[in-house]
Amino acid sequence: MKLLLTLVLSGGSIILAQQPAAPQQPMSFFVTSEGSGKGADLGGLAGADKICQTRAAAVGAGDRTWHAYLSTQAANGQPAINARDRIGTGPWYNSKGARIAKGLSDLHGDTLEEARIGSSLTKITALTEKGDTIAGPPDDNQRHDILTGSQSDGRAFTDTADHTCHNWTSSTDGSAQIGHPDHTGGPNTSWNSAHASRGCSQESLKTMGGAGLFYCFSPDVK
């Protein structure tokens with residue numbers, strides 16, 4: 001204010017200094033615009049990560065590492081893997097540069113206050129790598145059932161039921177836990193743990209409002 005007053009008195013006119021706009025944050029989160037085409041058979045975690053990497057590269061973001069936000073369950077002597085342990089520490093930004101979470105705790109609502117406020121992941125921020133929203137109620141051709149295989153805290157299930165379509169290798173029998181990024185549909189509208197699927201095939205996912213889509217995060221961001 002003092003600088004502005006000095007300019008007015010000395011020059012007789014008001015000079016407004018325009019600050020340059022901050023550069024857009026690079027994309028570090030997206031929902032896949034398409035799945036594998038084989039329901040919940042993603043080729044395991046490695047196959048899902050490859051899909052993330054390929055989708056990111058298609059829009060010029062292949063210069064960083066991408067991981068699928070998917071948990072796996074303990075099987076065949078291998079320990080469970082938690083989705084939250086695969087994605088780094090944040091913050092994460094969507095394809096339009098909007099921040100969807102500050103960090104793991106904020107993303108998953110680890111504290112009572114964070115759970116009350118919720119993350120910034122909503123229908124308008126849970127965008128694909130192309131910048132598109134995901135159709136959900138009341139839209140036609142709904143695709144908002146997002147594969148996660150996770151509990152609401154981002155960790156794998158520890159019971160004996162299948163929550164990951166046999167660790168993302170089945171397109172027939174089994175079931176997968178899914179989330180709703182738009183927080184609509186059903187009594188539990190969690191972005192990462194809303195309900196179980198009816199099966200693992202592309203058709204069974206489609207009948208419930210899904211398309212075999214999943215979340216991708218870059219753990220490279222700081």
Side-chain angles (χ1 to χ4, degrees), residues 29-57 65-88 104 107-108 121 126 128-129 134-136 141-182 185-219:
F29 160 86
F30 63 89
V31 183
T32 57
S33 57
E34 300 293 339
S36 67
K38 299 187 292 183
D41 180 0
L42 308 175
L45 284 183
D49 288 347
K50 184 176 181 180
I51 292 173
C52 286
Q53 202 72 43
T54 300
R55 296 290 178 196
T65 302
W66 290 91
H67 286 167
Y69 181 90
L70 297 169
S71 293
T72 60
Q73 296 173 263
N76 302 319
Q78 298 298 313
I81 296 175
N82 303 319
R84 67 180 289 151
D85 296 337
R86 313 190 72 242
I87 63 173
L104 288 169
L107 181 64
H108 295 95
L121 191 58
T128 70
E129 75 277 8
I134 301 298
N141 302 315
Q142 296 173 20
R143 308 198 305 162
H144 77 149
D145 277 9
I146 309 300
L147 302 171
T148 71
S150 304
Q151 301 182 76
S152 59
D153 63 0
R155 294 183 171 90
F157 286 87
T158 57
D159 59 15
T160 58
D162 182 23
H163 300 278
T164 61
C165 286
H166 303 297
N167 287 338
W168 314 113
T169 62
S170 174
S171 61
T172 54
D173 64 307
S175 179
Q177 192 74 0
I178 61 91
H180 291 162
D182 51 6
N188 179 1
T189 57
S190 166
W191 71 273
N192 66 342
S193 196
H195 59 77
S197 71
R198 292 176 184 153
C200 300
S201 70
Q202 191 74 15
E203 186 59 32
S204 65
L205 297 178
K206 183 178 179 180
T207 60
M208 294 188 71
L213 310 184
F214 51 96
Y215 301 113
C216 297
F217 288 78
S218 174

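If you read the sequence from its start, that first residue is 1, and numbering goes on from there. Treat the numbers as computed from the prediction; the structure is a model and nothing was measured.
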Is it true that a side-chain atom of Ser218 and a backbone atom of Thr65 form a donor plus acceptor pair closer than 3.5 Å? yes
Minimal heavy-atom distance between Ala194 and Ser190, with the atoms involved, is CB-O, 3.7 Å
Given side chain to side chain contact (heavy atoms under 4.5 Å, CB included), test Tyr215 with Trp191 step by step and report yes or no. CA-CA 10 Å; Tyr215 301 113; Trp191 71 273; 3.6 Å; yes
Does the side chain of Leu121 come within less than 4.5 Å of Asn192's, by heavy atoms? no
Return the OG1 to NE2 distance between Thr172 and His166, rounded to the nearest 0.5 Å. 6.5 Å
Partner of Ser193 under side chain to side chain donor-acceptor pair (under 3.5 Å), picked from Gln151, His180, Gln177, His108, is Gln177
Residues Arg143 and Glu34 bridged, charged N to O under 4.0 Å: yes
Roughly how far, to the nearest 0.5 Å, is CD1 of Ile178 from CG of Leu205? 9.0 Å
From the options Phe217, Phe214, Tyr69, Trp66, select the one residue that forms a ring-ring contact (aromatic ring centres under 6.0 Å, His included) with Phe30. Trp66
Closest non-hydrogen contact found for Ile146 with Pro181 is CG1-CD, 3.5 Å
Can you check whether Asn167's main-chain N or O pairs, donor with acceptor, with Thr72's side chain at less than 3.5 Å? no
Between Ser170 and Cys165 (side chain of the first, backbone of the second, donor and acceptor by atom type, cut-off under 3.5 Å), is there such a pair? no
Test side-chain contact (heavy atoms from CB on, under 4.5 Å) applied to Asn82 - qualifying residues, sequence neighbours left out: Arg84, Asp85, Arg155, Ala156
When you look at Ser171 and Gln202, which way does the side chain to side chain donor-acceptor pair (under 3.5 Å) test go after all the steps? CA-CA 7 Å; Ser171 61; Gln202 191 74 15; over 6 Å; no
Does Ser197 reach the main-chain N or O of Ser175 with its side chain, forming a donor-acceptor pair under 3.5 Å? no
Tested for side-chain contact (heavy atoms from CB on, under 4.5 Å) against Leu147, the lone hit among Leu70, Thr164, Thr32 is Leu70
May I ask you to decide if Arg86's main-chain N or O and His67's side chain share a donor-acceptor pair within less than 3.5 Å? yes
Distance, nearest 0.5 Å, that separates CD of Gln73 from OG1 of Thr158: 9.0 Å
First locate atom CG of Asp153, then atom CG of Leu104, and finally report the distance between them rounded to the nearest 0.5 Å. 11.0 Å
Does the side chain of Leu42 come within less than 4.5 Å of Lys50's, by heavy atoms? no
All heavy atoms of Pro219 vs all of Gly88, minimum pair found to be CB-N, 3.6 Å
How long is the span from the SG atom in Cys216 to the CZ atom in Phe29, to the nearest 0.5 Å? 8.5 Å
With sequence neighbours left out, write down each residue that passes side-chain hydrogen bond (donor to acceptor under 3.5 Å, both in side chains) with Thr169, or none if nothing qualifies. none
Within a reach of under 6.0 Å around CG of Asn141, are more than 12 heavy atoms found that belong to other residues, nucleotides or ligands? no
Gap separating the OG atom of Ser150 from the NE2 atom of His163, nearest 0.5 angstrom: 11.0 Å
